[in-house]
Amino acid sequence: MSKATSIDQREADIRSLLALVNSSVEDAIAAWKEKGGVPGLGDAPAGDKSPSPALLRAIRVLDSASQQMTFLLRPTFLNLTNVAFMPIEAAALRTATEAKIADFLDGKPKGAHVDEIAKKTGLPPFELACILRCLTMKHIFREVSKDVFGNNRGSYVLRSVDPNSAFVGFMLGEASSLGLANMYEALHDPEYGPSLESKRSVFSYNIRKEYPNTALFDWYLKHPEQHERFNRAMTAVNLANVSDFYPVASLPPDTTWCDIGGGIGGPLAKVAGANPKLRLTLQDLPNVIERGKEQGRFNFVPIDFTEEAPVEGQDIYYMRFIVHDWPDDVATVILKNIRKAMKPSSRLLVHDLVLPTPSDGSTAGGTKNSAMNSMDAPPPLLPNYGAGGILPLALDINVMALLNAKERSIDDVVQLAKQADMKFVQFWDGVESGVIELGPMH
Ligand SMILES: C[S@@+](CC[C@H](N)C(=O)[O-])C[C@H]1O[C@@H](n2cnc3c(N)ncnc32)[C@H](O)[C@@H]1O
């Protein structure tokens with residue numbers, strides 16, 4: 001246990017946290033101004049602009065400092081409810097999303113009475129009012145007057161045309177009810193607990209009676225509606241766009257860029273927007289590629305990346321949120337398949353959430369890179385930013401539960417790359433996520 005701090009030091013720490021809140025708020029306002037100005041509670045969200053790394057950096061400090069500060073000042077039981085009550089908010093959000101309430105409220109600036117919303121959705125009015133009022137406390141919907149609810153910035157993205165609604169549907173649908181449920185029981189199970197195979201995850205445990213030996217992506221093949229929603233959900237993931245922290249715009253004309261496991265083309269469309277002179281290829285499973293074709297304009301080549309190499313001789317191979325979907329043995333096979341297709345100058349960009357590593361001057365693959373460390377939070381914040389740095393750690397649990405997979409540190413990826421005859425070139429920091437650039441070893 002750490003040595004108890006003096007009362008004076010504790011007060012000083014809280015004031016230091018408040019100073020970090022103040023400075024990070026100014027940084028966040030400046031970052032929003034770059035994108036047109038700070039949004040209000042009632043505004044519709046501004047298009048699908050990706051957050052800048054500067055904004056993500058400011059928010060990381062703000063979340064970290066404000067949540068550490070309130071944790072210190074709140075009674076312990078109330079701190080516990082912050083986590084233990086999360087399923088209540090999640091259930092309310094799922095219900096409002098499934099009922100398409102944001103669609104019904106669209107174009108109604110004065111909102112609608114809960115009785116009217118209840119009639120439209122087939123849900124009972126008393127319960128519905130409880131659900132909507134709870135969500136208004138989190139700035140999702142607003143209560144215009146007693147029992148009259150309207151859309152706001154938080155609810156507008158729940159309209160069914162918006163991929164964010166698919167993301168909520170996926171996370172609070174199969175990811176929660178089949179992925180995160182019964183985690184304790186699955187991890188205790190003598191067959192599923194110790195196994196590292198994709199088809200022995202918590203998700204596979206929960207579906208084992210109906211679908212024995214089945215991993216998530218195989219289950220999706222039998223559930224086209226959820227599969228479609230999953231593919232749309234991925235296009236909602238709006239962290240820093242790769243072109244905001246990797247020099248996509250300055251790549252020479254006709255550079256070939258192959259997005260492996262690119263889904264229905266969300267990330268590739270942003271790459272095309274940053275540099276229209278690139279030659280772009282989208283690869284994914286055949287049925288996903290068919291859906292991607294509806295988005296147009298790329299070279300579409302189906303692939304099973306666990307079985308075959310991607311298109312040969314590309315300048316850049318790019319994978320976003322792919323390596324984190326697989327246990328080490330399969331991830332190595334995928335990297336080996338890509339290595340087969342690479343020419344000496346090819347680069348592989350592994351874009352994932354990156355687990356923090358200690359700031360002890362350690363190296364990735366023997367190459368120092370000062371920008372690669374995220375365990376550098378200013379004290380008294382936790383070195384890994386605590387609440388402000390939770391995303392990679394939370395998603396580490398999510399991919400573990402769904403696929404027996406994991407998020408990785410830079411060194412973890414470099415170790416996998418070595419087994420596939422690839423070496424570390426550089427790390428590109430996107431704050432929440434990052435790109436690990438790899439090249440052929442020989
Ligand atoms: C987490 S999603 C990421 C999609 C996209 N890269 C993005 O960031 O939005 C994983 C993708 O891997 C694809 N995938 C899964 N197994 C695959 C396989 N064996 N071969 C090719 N693609 C696969 C899925 O269809 C899905 O599009």
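First listed ligand is number 1; within each ligand, the first listed atom is number 1. Just the heavy atoms: all of them, side chains too, but no hydrogens, waters or symmetry mates, feed the values below. These numbers were taken from a predicted model, which means no experiment stands behind them.
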Closest heavy-atom approach to atom 8 (O) of ligand 1 among H324, Q283, R320 is made by R320

To atom 6 (N) of ligand 1, the nearest of G263, A233, A236, G261 on a heavy-atom basis is G261

Checklist entry - In this structure, are over 12 heavy atoms from other groups packed under 6.0 Å from K120 atom NZ? => result no

Aromatic [Y] / basic [X] pairing, under 6.0 angstrom, 45° off normal:
| X | Y | value |
| --- | --- | --- |
| R229 | F170 | no |
| R153 | Y156 | no |
| K108 | F104 | yes |

Looking at [atom], what's its closest protein heavy atom, distance included?
| atom | value |
| --- | --- |
| atom 22 (N) of ligand 1 | F305 CE2, 3.1 Å |
| atom 11 (C) of ligand 1 | I322 CD1, 3.6 Å |
| atom 10 (C) of ligand 1 | D325 OD2, 3.4 Å |

Please work out, at 4.0 Å between heavy atoms, whether the side chain, the backbone, both, or neither of [X] comes within that distance of ligand 1.
| X | result |
| --- | --- |
| F217 | side chain |
| V237 | neither |
| D304 | both |

Are any of the heavy atoms in [X] under 4.0 Å away from ligand 1?
| X | answer |
| --- | --- |
| W326 | yes |
| G266 | no |
| D284 | yes |

The atoms of ligand 1 lying under 4.0 Å from a heavy atom of V288, numbered in the order shown, are 25 (O)

For P267, the atoms of ligand 1 under 4.0 Å from one of its heavy atoms are 7 (C), 8 (O), 9 (O)

| message | Which label fits H351 and F321: parallel for a plane angle under 30°, tilted from 30 to 60°, or perpendicular past 60°? | response | tilted

Between F217 and F230, how do the two ring planes meet: parallel, tilted or perpendicular, split at 30° and 60°?
-> perpendicular

Practice task
Decide if the gap between the ring center of Y317 and the ring center of W257 is smaller than 6.0 angstrom.
Solution key: no

Heavy-atom check, side chain of V157 versus side chain of F167, under 4.5 Å
no

task: Check the pair D315, K343 against salt bridge (charged side-chain N to carboxylate O under 4.0 Å, His left out), reporting the backbone distance first and the verdict last.
output: CA-CA 8 Å; D315 297 312; K343 55 185 177 179; 2.7 Å; yes

